[in-house]
Amino acid sequence: MTRTLKERTFSGTTNPEIQPWEIEHRKLARLAAAEGIVLLKNEEHVLPLKAGSAVAIYGAGAGKTIKGGTGSGDVNEREKVSICQGMKNTGFQVTTEEWINSYDKIYDQARQDWKNDILSRTGNGADTMDFFSVYSTTPFIMPAGDTIRKPAEGENVDTAIYVLSRIAGEGADRTADKGDYYLKDEEHQMLADICAYYRDVIVVINAGAQVDLSFMDEFKNIKALLTIVQPGMEGGNAFADVVSGKVTPSGKLTDTWAYKYEDYPNSETFSHNNGNVETEVYKEGIYVGYRYFDTFDVPVRYGFGYGLSYTEFEISDYSLESVNDGKIKVSAQVKNIGEVSGKEVVQIYVSLSGGILEKEAHRLAAYAKTSELKPGESEKVSLEISVDQLTSYDEKRAAWILENGFYGIWIGNSLASAKLCGGVKLDKEVLLRQVKNLFPLKQELEEMVQEAGNTTARERAAEQQAQKENLTVVELHAEDFTTEVVEYKKNNALYEKEAMDFVDTLSEEELIDLAAGDPGKA
């Protein structure tokens with residue numbers, strides 16, 4: 001039988017003329033990047049910087065700003081705007097272009113050497129799978145750059161920006177090594193020199209995930225800290241928008257930044273740390289990210305949902321308004337009580353009832369960003385929480401369960417700042433959705449659990465607080481809920497006949513290759 005495959009098409013273009021849609025897309029990319037930048041520290045209001053002022057910029061990401069991840073995290077674009085270029089575009093005087101240009105040459109040579117090394121070990125990439133294996137296990141480490149020199153007399157530059165960059169993407173785990181999670185010795189020395197030569201230092205984290213921030217305790221004149229993650233092709237312009245004050249930062253952390261690497265619950269066993277890269281055992285269970293730190297009361301440097309602004313907001317009039325058709329409606333009033341315009345993110349968390357199932361202390365249930373609020377301006381923010389979001393999974397019964405008890409509703413602009421605004425109380429257990437355990441464990445797994453009674457004690461404390469403050473508590477009744485039974489169908493009942501006819505022509509090995517996306521046999 002002859003198989004006909006579709007000819008592959010690409011969404012890119014070789015047309016040198018910039019199209020109108022590209023201009024619109026760049027505007028959106030710039031806006032998204034700016035709104036995602038998180039301001040973590042801003043002592044003495046060092047930010048925003050004065051328009052047109054002189055600033056020294058150092059670090060790997062000054063000219064080689066990481067725009068995105070490797071592998072499937074990469075995107076082709078006509079150009080990418082570095083932090084250096086973005087600052088110049090916005091009118092700042094960058095006094096360290098010579099250092100940045102020198103670094104870019106060092107980087108380009110290191111990158112070429114890395115590429116040549118991989119090709120030499122894989123027969124110039126002749127075998128696709130061999131190449132991918134070597135490539136994914138040989139991450140590129142960004143070089144540190146030249147030694148920082150003391151500014152010449154008369155330069156009169158008080159502010160320096162240090163951009164700490166890390167490459168990340170599919171095919172390689174992060175490592176607890178210098179040059180990845182930790183600073184290289186050369187990077188530490190550069191920071192020490194910068195802090196010795198400049199009065200106000202701003203550190204920028206240009207990385208796909210957390211890095212060690214213990215140096216923040218060492219160098220007291222690091223007055224501002226921002227994380228820009230991987231900000232895309234317009235990253236440099238977006239960064240300049242934020243540090244210039246054109247855009248007031250409104251981003252919030254989507255992860256938790258611990259004081260020490262060892263504070264993360266899987267630090268001992270992750271990837272290479274225990275010498276086993278073949279098997280990863282997820283003993284954390286439900287306690288991943290903020291759920292662990294919050295539930296087990298582990299102190300953090302910067303917590304989930306945290307992020308500063310150039311202005312101040314007051315969140316008040318917390319209200320649990322109604323519970324209808326499985327939806328909990330919550331609202332709050334947000335007022336800009338500062339001196340510049342800005343946006344705030346209202347976050348709703350739920351504390352879960354006690355019972356037989358393991359539960360985290362708080363669970364993010366909804367969030368929303370306000371519109372741009374001028375000084376003195378207010379906005380009412382209303383959000384809905386589905387009762388589905390209060391469920392926990394019972395492995396023994398293969399079902400999503402609502403256990404009876406008190407569910408607290410908390411509102412704030414971060415997990416740490418959230419305040420109890422009310423709650424719902426369920427009289428009896430509800431089996432909300434019945435499913436099947438299709439993939440049972442092949443070996444025993446001992447997951448992390450709380451001490452007995454912790455969940456119930458927290459529930460009781462939240463309920464007592466709600467009563468004491470006379471907060472709205474809505475009574476829910478198990479008899480008002482119905483159980484949804486999920487129906488599992490065979491493939492031939494889910495897909496079109498043409499697709500199934502094609503699949504029936506493939507062998508088991510070919511089906512495995514198709515499902516796994518083997519690049520050597522595509």
Side-chain angles (χ1 to χ4, degrees), residues 252 290-291 293-297 299-300 303-307 312-338 344-355 359-370 373 378-392 402-430 450-451 453-478 480:
K252 304 290 183 178
Y290 75 88
R291 296 172 182 84
F293 291 95
D294 180 43
T295 305
F296 290 89
D297 296 321
V300 299
F304 183 82
Y306 179 77
E312 297 289 334
F313 295 95
E314 178 183 75
I315 302 178
S316 60
D317 296 335
Y318 307 95
S319 176
L320 195 166
E321 294 189 342
S322 63
V323 181
N324 292 304
D325 298 324
K327 301 287 185 182
I328 303 169
K329 187 175 181 180
V330 182
S331 69
Q333 197 74 20
V334 182
K335 183 178 181 179
N336 184 345
I337 59 174
E344 180 62 290
V345 179
V346 178
Q347 303 166 37
I348 299 180
Y349 297 87
V350 178
S351 56
L352 307 170
S353 75
K359 301 180 184 72
E360 66 271 44
H362 296 90
R363 178 183 299 173
L364 179 67
Y367 60 91
K369 183 177 284 192
T370 68
L373 298 178
S378 297
E379 179 179 318
K380 182 180 179 180
V381 177
S382 296
L383 302 101
E384 280 190 345
I385 307 168
S386 170
V387 172
D388 269 0
Q389 293 171 269
L390 310 184
T391 61
S392 298
L402 282 170
E403 293 198 81
N404 62 293
F406 180 78
Y407 294 78
I409 309 297
W410 305 70
I411 301 181
N413 66 352
S414 70
L415 173 57
S417 73
K419 297 179 180 178
L420 187 68
C421 74
V424 297
K425 191 170 185 180
L426 180 64
D427 59 352
K428 296 178 182 178
E429 179 189 88
V430 172
Q450 298 181 60
E451 291 182 11
N454 274 12
T455 306
T456 307
R458 283 199 307 269
E459 174 200 3
R460 192 160 47 243
E463 185 175 6
Q464 290 171 353
Q465 182 180 341
Q467 292 173 348
K468 182 179 180 181
E469 299 181 18
N470 197 29
L471 301 177
T472 300
V473 176
V474 177
E475 298 284 341
L476 298 181
H477 303 285
D480 295 330

Legend entry - Residue Asp480 excluded, over 12 heavy atoms near CG under 6.0 Å: yes
Legend entry - Minimum heavy-atom distance Asn413-Gln347, with the two atoms named: O-NE2, 2.8 Å
Legend entry - Considering all heavy atoms, the nearest Ile315-Ala332 contact: CG2-CB, 3.9 Å
Legend entry - Shortest non-hydrogen contact between Phe293 and Val300, atoms and distance: CD2-CG1, 3.4 Å
Legend entry - Lys359 NZ to Leu390 CG distance, which is reported to the nearest 0.5 Å: 11.0 Å
Legend entry - Minimum heavy-atom distance Ala361-Asp294, with the two atoms named: CB-OD2, 3.5 Å
Legend entry - Side chain Ser386, main chain Asp388, donor-acceptor under 3.5 Å: yes
Inset, instruction - Go through the steps to decide whether Leu476 and Asp427 satisfy the test side-chain contact (heavy atoms from CB on, under 4.5 Å), and finish with yes or no. - result: CA-CA 7 Å; Leu476 298 181; Asp427 59 352; over 6 Å; no
Legend entry - Donor-acceptor under 3.5 Å (Asp325 side chain, Lys327 main chain): no
Inset, instruction - May I have all residue pairs that pass salt bridge (charged side-chain N to carboxylate O under 4.0 Å, His left out) and include part of residues 455-468, sequence neighbours excluded? - result: Lys425-Glu463
Inset, instruction - Would you check if Leu415 and His362 make a side-chain contact, meaning some heavy-atom pair closer than 4.5 Å? - result: yes
Legend entry - Set of residues satisfying side-chain hydrogen bond (donor to acceptor under 3.5 Å, both in side chains) with respect to Lys369, sequence neighbours excluded: Glu35, Ser250
Inset, instruction - Have a look at Ile411 and tell me which of Ser319, Ser417, Cys421 forms a side chain to side chain contact (heavy atoms under 4.5 Å, CB included) with it. - result: Cys421
Inset, instruction - Hey, could you give me the OH/OH distance between Tyr367 and Tyr349, rounded to the nearest 0.5 Å? - result: 10.5 Å
Inset, instruction - Give, for atom CD of Glu314 and atom OG of Ser378, the distance between the pair rounded to the nearest 0.5 Å. - result: 8.0 Å
Legend entry - Sidechain-backbone polar pair: Tyr290 side chain, Leu364 backbone, donor-acceptor under 3.5 Å: yes
Legend entry - Sole candidate of Val387, Leu402, Val323, Val473 that passes side chain to side chain contact (heavy atoms under 4.5 Å, CB included) when paired with Val424: Val323
Legend entry - Spacing of Gln333 atom CD and Phe313 atom CZ [to the nearest 0.5 Å]: 13.0 Å
Legend entry - Within 6.0 Å of CD in Glu451, more than 12 heavy atoms from elsewhere: no
Inset, instruction - Walk me through it: do Tyr306 and Lys252 pass the test side-chain contact (heavy atoms from CB on, under 4.5 Å)? - result: CA-CA 5 Å; Tyr306 179 77; Lys252 304 290 183 178; over 6 Å; no
Inset, instruction - Determine the minimum heavy-atom distance between Thr456 and Gly355, stating which atoms define it. - result: OG1-N, 4.2 Å
Inset, instruction - Give a yes or no on whether the backbone of Ala365 and the side-chain of Gln389 come within a donor-acceptor separation of less than 3.5 Å. - result: yes
Inset, instruction - Salt-bridge test for Glu379 and Lys335: reply yes if a basic N is under 4.0 Å from a carboxylate O, no otherwise. - result: no
Inset, instruction - Kindly indicate whether the side chain of Glu344, heavy atoms from C-beta on, has any atom under 4.5 Å from the side chain of Glu312. - result: no
Legend entry - Inter-residue atom distance Ser331.OG - Leu320.CG, 0.5 Å rounding: 9.0 Å
Legend entry - Ala418 to Trp410 - nearest heavy-atom pair and separation: O-CE3, 3.6 Å
Inset, instruction - I would like to know whether Ser392 and Glu403 meet side-chain contact (heavy atoms from CB on, under 4.5 Å); could you show each step before the answer? - result: CA-CA 8 Å; Ser392 298; Glu403 293 198 81; 5.7 Å; no
Legend entry - Sub-4.5 Å side-chain heavy-atom contact between Phe406 and Ser353: no
Legend entry - Given Val474, Ile385, Leu420, Thr472, the one that forms side chain to side chain contact (heavy atoms under 4.5 Å, CB included) with Ile409: Ile385
Legend entry - Rounded distance (nearest 0.5 Å) linking atom CZ of Arg363 with atom CG of Leu352: 4.5 Å
